[in-house]
Engineer: 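Structure below; questions to follow.
Small disclaimer: the values here were computed from a predicted structure and weren't measured.
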Amino acid sequence: MPLAHSQPLDSTSVLAWYDRHARDLPWRVSPADRRQGIRPDPYRVWLSEVMLQQTTVAAVKAYFVRFTTLWPSVQDLAATPLDNVLREWAGLGYYARARNLHACARAVVAEHGGVFPDSAAGLQNLPGIGAYTSAAIAAICFDERVAVLDGNLDRVLARYYALDVPVREAKDALRGALQLAVPERAGDFAQAMMDLGATICAPRAAMCLVCPLHDGCKAREQGEPTRYPVKPVKAERPVRKGHAFVMRDAAGDVYLQSRPGKGLLASMTEVPTSDLGEKLGEPDFPAEGDWRRHGQVIHVFTHFRLELEVWSALVAPDGLDAGWWAPPGALKGEALPTLFRKVLAEAGLS
DNA sequence: AAGCCGGGGCG
DNA sequence: CGCCCAGGCTT
């Protein structure tokens, strides 16, 4: 799938724009500081890039500050138990990232002496570091001249070339075109292109008049840049239904347990639930009690919509030994995903 | 190559 | 409320 060609990307214009308009982010070294020879810390760049996978800057900032305060170095992160990492990751989503983050920290310490590999090829062997993240770290930290292609760049390039097929079908062509444009300041260029996608060439609006890629952009020339990228036909989102059971003991503590290490919300904390299905079954209460029905919690995942009926009861703790009892004041510190925080709120807790 | 895996913000 | 998003892993 060759790109209907226009002129090559003008990296000089992009860098000049970035020198004036770079965003100030907690993990970033400004272009001015980079010129002074200040280099980014690979640990901080790696941590930020993993957090930013499918996640917005606004959502990441507070988590990044918290993580780097608790664990200032990769050695600190590697030394902490996985449970601590999962607790701090709660609410950020895509929880496999947290497990891979921890595994990666331990691999860097155990196999690389606590020093991150200095090339995209070396980085990509580590857990949770794929094509995008390896390229981003290598470019930002070491100015390796690799194409850093994420969802932001997909959009910018799809517009620049007026790509008339879904990005997924032309990924290699886009990467090749981008690779040809990567300048010596590879790290600044990568960050510049992402800033461009976040502020100028945004998903629902394109401020073409102030864009450094204005001149060569096919979508701008056509007059309707937000027509790109072309979206693939999307499958409908199925609905799954079930029950959630909030149990309290005589002391008022809440029964919690860990989810399986694989699959949905892996290794995170939950209250017991029924099996999920297309149709709502009868509640299979996990203990005897005066079960009271609350409202419904609706939670939308990427690939299905979940509807949970929330129940609560005062129960005797006999037989409930797979999990643990948590006082309501301790719920905040548990590794509870947003779904189960909604469930607890529906039952009148937190 | 396609499916699985969260959550928040925006219009 | 629908749509969008700073990807990687598994099968």
Engineer: Touch check for A:Arg168, heavy atoms < 4.0 angstrom, all strands: base, sugar-phosphate only, or nothing?
Structural biologist: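 Base contact.
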Engineer: Would A:Tyr63 and A:Ser48 count as having a side-chain donor-acceptor pair, cut-off 3.5 Å?
Structural biologist: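 Looking only at side-chain atoms, A:Ser48 and A:Tyr63 do not form any donor-acceptor pair under 3.5 Å.
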Engineer: Would you mind building the protein contact string for nucleotides 5-11 of chain B? One character per nucleotide, 5' to 3', B for base within reach (heavy atoms under 4.0 Å), S for sugar-phosphate only, - for untouched.
Structural biologist: BBBSBBS
Engineer: Taking side chain as C-beta onward, heavy atoms only, is A:Leu163 less than 4.5 Å from A:Val230?
Structural biologist: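 With C-beta onward as the side chain, the pair stays apart.
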Engineer: Quick one: A:Ile129 CD1 to C:dG7 C1', roughly how many Å, whole number?
Structural biologist: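 Those two atoms, CD1 and C1', are 12 Å apart.
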Engineer: 5'-most contact on DNA chain C: A:Gln124 or A:Gln191, nearest heavy atom basis?
Structural biologist: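 Counting from the 5' end, the first nearest nucleotide belongs to A:Gln191.
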Engineer: Would A:Ser11 and A:Arg185 count as having a side-chain donor-acceptor pair, cut-off 3.5 Å?
Structural biologist: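 No, because no side-chain N or O of A:Ser11 sits under 3.5 Å from a partner of the opposite role on A:Arg185.
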Engineer: Is the shortest side-chain N to carboxylate O distance from A:Arg145 to A:Glu184 below 4.0 Å?
Structural biologist: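 Looking at A:Glu184 together with A:Arg145, the answer is no, because their closest N to O distance does not fall below 4.0 Å.
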Engineer: I need the CG-C1' distance between A:Asn100 and C:dC9, as an integer number of Å.
Structural biologist: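 To the nearest whole Å, that distance equals 8 Å.
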Engineer: In whole angstroms, how far is the P atom of C:dG8 from the CG atom of A:Asn125?
Structural biologist: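 Rounding to the nearest Å, CG of A:Asn125 and P of C:dG8 are 14 Å apart.
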Engineer: Let me know the distance between CD of A:Glu49 and C1' of C:dG8, rounded to the nearest Å.
Structural biologist: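 For the pair A:Glu49 CD and C:dG8 C1', the rounded distance is 14 Å.
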Engineer: Under 4.0 Å: is that the gap between some side-chain N or O of A:Lys171 and OP1 or OP2 of C:dG7?
Structural biologist: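 For A:Lys171, the contact criterion (side-chain N or O under 4.0 Å from OP1 or OP2 of C:dG7) is not met.
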Engineer: Could you tell me how far apart A:Leu149 (CG) and C:dG7 (C1') are, to the nearest whole angstrom?
Structural biologist: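 Those two atoms, CG and C1', are 11 Å apart.
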Engineer: For a quick check under 3.5 Å, do A:His299 and A:Thr338 share a side-chain donor-acceptor pair by atom type?
Structural biologist: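 No, no side-chain donor-acceptor contact under 3.5 Å.
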Engineer: Just checking A:Arg237: base, sugar-phosphate only, or nothing, at a heavy-atom cut-off of under 4.0 Å?
Structural biologist: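 A:Arg237: no heavy atom of the nucleic acid under 4.0 Å.
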Engineer: Could you measure between the two P atoms, the one in B:dG6 and the one in C:dT11, and give it in whole Å?
Structural biologist: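 The answer is 16 Å between these two P atoms.
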Engineer: Would you kindly give the CG-to-P distance between A:Asp154 and C:dC4, to the nearest whole Å?
Structural biologist: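 After rounding, the reported distance stands at 14 Å.
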Engineer: Taking A:Asp19 first and then A:Arg34, would you say they form a salt bridge - that is, a charged N and a carboxylate O separated by under 4.0 Å?
Structural biologist: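 The answer is no: the pair does not qualify as a salt bridge.
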Engineer: Could you give the CD1-to-C1' distance, from A:Ile137 to C:dG7, as a whole number of Å?
Structural biologist: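 Between C1' of C:dG7 and CD1 of A:Ile137: 13 Å.
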Engineer: Need one value for A:Leu25: base, sugar-phosphate or nothing, where a base atom within 4.0 Å counts as base even if backbone is also close, heavy atoms only.
Structural biologist: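 Base, at least one base heavy atom under 4.0 Å.
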Engineer: Is A:Asp41 salt-bridged to A:Arg44, going by a charged N under 4.0 Å from an acidic O?
Structural biologist: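 Salt bridge: no.
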